[in-house]
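Input: a single structure, listed below in structure tokens.
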Amino acid sequence: MELENILIKQVKEAVKNLYGVDAEDKMVQLQKTRPEFEGNITVVVFPFVKAARKAPAQVAEEIGQQLLTSPVVAKFNAVQGFLNLTIADTFWLEQLEIIAQDAHYGDGAKRNQLMMVEYSSPNTNKPLHLGHVRNNLLGYSIAQIQEANGWDVVKTNIVNDRGIHIMKSMLAWMRFGNGETPETSGKKGDHLIGDYYVRFDKEYKAEVNALMANGMDEETAKKEAPLMKEAQSMLLRWEQNDPEIRGLWEKMNNWVYAGFDETYKQMGVNFDKIYYESNTYLEGKSEVEKGLQMGQFYRRDDNSVWADLTKDGLDEKLLLRSDGTSVYMTQDIGTAKLRFQDYPINKMVYVVGNEQEYHFKVLSILLDRLGFPFGKELVHFSYGMVELPNGKMKSREGTVVDADDLMAAMISDAKVISKDKVNTLTGITKDEANEIARKVGLGALKYFILKVDPRKNMLFNPAESIDFNGNTGPFIQYTYARIQSVLRKSTDDGVKAFKDIALNEKELGLIQRLTEFPAVVKQAGDEFSPAVICNYAYALACDFNSFYHDYSILNEPNEHIRAMRLMLSEQVARIIRRALELLGIEVPERM
């Protein structure tokens, strides 16, 4: 039983014995004792003063005396209406042993309910960039955290593989590619196609400028530029299943998918099910047609289809263009329908940037209007953008921070920064050193991004992220590796009994921190916030390093204390590893 539940039960019994009052659980208010007072847990006794008909200080004194009969409470002090309890060392040692024996410590009970988490959502006209990195890391971590909270989780991705942006890169390749392939260029497929997307924008701007130089206004020039008109024509041919356009589209998309797979593997994220907009948009169109028949949507004179959302405090939303082509909203309706056909989903979570908040409000309303029972239950996990010191990223202009380049640079930096530490390790091979650098570099990237409140915009600073000191991934990884080094050197004979041990302040603090882990996992799940796990992992690592600095583990002469410290160290390492696992971060056994 958790300490809080034990104390609530015992305080209620004390109040019953002393004052004849049957107190409800909510009347027992517990809080962490303030640092200026001695104790671990404080009981607020004001709720019992009226029934006791005594001064708050006297009530605190009387309840404290009653609680001293419990093996959990070692001593107390009363400060007016606050009862500060010092919990017995024997209780904390029992907690340590309970933690050590629980293979799934920190995990919540199985719910037998399914949560689907959608993240990534790349376009097949460009490689993944820094913004995608934050999206993927948040989505994967949220899935891990919710699974730890008892959900069955399906990780899903919707690939934006159709639309005018795809046609742009295809057209540029047709015009300027000369048959170039990933094999002939030596480039990953997603990078190759991204280059042609940038090339389209360059050539398109040149055409617009030429038309404007001949007297055409800018808005008209953008519509009349030959490249844009041809790209729009290609999109119509694609929707009409033109075999030539479809064949090229399939070939180029396959290049991109192969590139994406490499990036996802390096990033350490994966998916249980991938959906493609080229399959889901037709489902969406059929649902829109159904909505028309139901009277939920209406058709304008130009043949476009709209939803009037003014009664919901929003505006009107386009669902089908006048030429019959679909928009993102239509596709999302179709995707949602297919997902709920495929899985018995209890909660659907979309990990999408905060610039799409309006979109998901509309989607929820439209699905509800179409009669889908899950419409109102959709969760948009809205997160802030990643900003750079030199401004925002623009894919069309080729000014993005490429995900592959970023990860390679982080690993390279980790290799340089950790070189002195790694070189001191005995018997380390070059491959092992490279693997340590990979884990440290990617751990630095992931932790730096995930430690920020996900709802806030963030400024990415690679140099700060890879520091071995401070609130960083490498600092926490190094703490784990340090503990593993201690455990490897141990020649302990297996003594496990902790007889007559008085815990020092640092040991007590570490055990208390470990007991908080289940509540931290639950909070991170309730709030959809990997940052909660980051804060905990950092605090635990700091606590251990402070303890390690002040006290010996292997050279402790008392075998019982030594055995306890070894078990304590082992559990700290285990919980650090588990916390980082929830963040998608690997830990090196040696650093």
Inset, instruction - Apply side-chain hydrogen bond (donor to acceptor under 3.5 Å, both in side chains) to S382 and list each qualifying residue two or more places apart in sequence or on a separate chain. - result: E357
Inset, instruction - Rounded to the nearest 0.5 Å, what's the gap from CD1 on I501 to OG1 on T90? Could you check? - result: 11.5 Å
Legend entry - Atom pair CD1/CG of I166 and N253 - distance to nearest 0.5 Å: 6.0 Å
Legend entry - SB check D201 K168 (cutoff 4.0 Å): no
Legend entry - Side-chain donor or acceptor of D102 paired with backbone N/O of I98 under 3.5 Å: no
Inset, instruction - Could you tell me if the ring centre of F381 sits under 6.0 Å from that of Y350? - result: no
Inset, instruction - Could you tell me whether a side-chain N or O of N135 sits under 3.5 Å from a main-chain N or O of V351, the two making a donor and an acceptor? - result: yes
Inset, instruction - Determine whether F517 and I99 make a side-chain contact, defined as any pair of heavy atoms from C-beta on separated by less than 4.5 Å. - result: no
Legend entry - Positive for ring pair (Phe, Tyr, Trp, His ring centres under 6.0 Å) with Y119, one of F271, Y383, Y264: F271
Inset, instruction - In sequence, state the C-alpha distance, the side-chain angles, and the governing distance for N40 and T86, and then conclude on side chain to side chain donor-acceptor pair (under 3.5 Å). - result: CA-CA 5 Å; N40 309 119; T86 297; 4.9 Å; no
Inset, instruction - Mark yes or no for whether H132, through its side chain, and A403, through its backbone, hold a donor-acceptor pair below 3.5 Å. - result: no
Inset, instruction - Calculate, to the nearest 0.5 Å, the distance between atoms OG and CG belonging to S569 and L554 respectively. - result: 8.5 Å
Legend entry - Polar contact flag, side-chain donor to acceptor under 3.5 angstrom, N504-E507: yes
Inset, instruction - Find the distance between CG (N279) and CZ (R162) and round it off to the nearest 0.5 Å. - result: 11.0 Å
Inset, instruction - Decide if atom CG of N555 counts as having more than 12 heavy atoms of other residues, nucleotides or ligands within a radius under 6.0 Å. - result: no
Legend entry - Side-chain ion pair, K522 and D526, N-O less than 4.0 Å: yes
Legend entry - Any residue meeting ring-ring contact (aromatic ring centres under 6.0 Å, His included) with Y343, in chain and number order, not counting sequence neighbours: none
Inset, instruction - May I ask you to say whether E589 pairs ionically with R577, meaning some side-chain N is under 4.0 Å from a carboxylate O? - result: yes
Inset, instruction - Verify the distance criterion only: is there a donor paired with an acceptor across the side chains of S278 and D161 at less than 3.5 Å? - result: yes
Inset, instruction - Would you check if there is a donor-acceptor pair between the side chains of T472 and D467 at a distance under 3.5 Å? - result: no
Inset, instruction - Scan side-chain atoms only and decide if N160 and Y328 contain a donor-acceptor pair under the 3.5 Å cut-off. - result: no
Legend entry - Distance-only polar pair, side chains of K188 and T263, donor-acceptor under 3.5 Å: yes
Inset, instruction - Determine whether the side chains of N270 and K155 contain a donor N or O and an acceptor N or O closer than 3.5 Å. - result: yes
Inset, instruction - Please list, chain by chain and in numerical order, all residues satisfying side-chain hydrogen bond (donor to acceptor under 3.5 Å, both in side chains) with D453, sequence neighbours excluded. - result: none
Inset, instruction - Output yes when a side-chain donor or acceptor of T479 lies under 3.5 Å from a complementary backbone atom of F475, and no otherwise. - result: yes
Inset, instruction - Give a yes or no on whether K110 atom NZ has more than 12 heavy-atom contacts from other residues, nucleotides or ligands under 6.0 Å away. - result: yes
Legend entry - Residues E516, R513: salt bridge by 4.0 Å N-O rule: yes
Inset, instruction - Give a yes or no on whether the backbone of Q512 and the side-chain of T515 come within a donor-acceptor separation of less than 3.5 Å. - result: yes
Inset, instruction - Check whether any side-chain heavy atom of M385 lies under 4.5 Å from a side-chain heavy atom of R134, and answer yes or no. - result: no
Inset, instruction - Kindly indicate, with the supporting measurements, whether the criterion salt bridge (Lys or Arg N to Asp or Glu O under 4.0 Å) is fulfilled by E435 and R438. - result: CA-CA 5 Å; E435 181 66 0; R438 184 189 68 81; 2.8 Å; yes
Inset, instruction - Scan side-chain atoms only and decide if Y105 and Q571 contain a donor-acceptor pair under the 3.5 Å cut-off. - result: no
Legend entry - Test: D152 and R111 ion pair at under 4.0 Å: no
Legend entry - Any donor-acceptor pair under 3.5 Å from T156 side chain to K273 backbone: yes
Inset, instruction - Check whether any side-chain heavy atom of M348 lies under 4.5 Å from a side-chain heavy atom of E118, and answer yes or no. - result: yes
Inset, instruction - Kindly indicate whether the side chain of V159, heavy atoms from C-beta on, has any atom under 4.5 Å from the side chain of N157. - result: yes
Inset, instruction - Would you sort out whether D342 and Y275 count as a side chain to side chain donor-acceptor pair (under 3.5 Å), showing the intermediate values? - result: CA-CA 11 Å; D342 293 344; Y275 292 87; 2.7 Å; yes
Inset, instruction - Compute the centroid of each ring, for Y447 and then for Y538, and state whether the two points are separated by less than 6.0 Å. - result: no
Legend entry - Salt bridge present between E556 and R565 (N-O < 4.0 angstrom): yes
Legend entry - Side chains of K32 and T42, donor plus acceptor under 3.5 Å: no
Legend entry - Residue E505 excluded, over 12 heavy atoms near CD under 6.0 Å: no
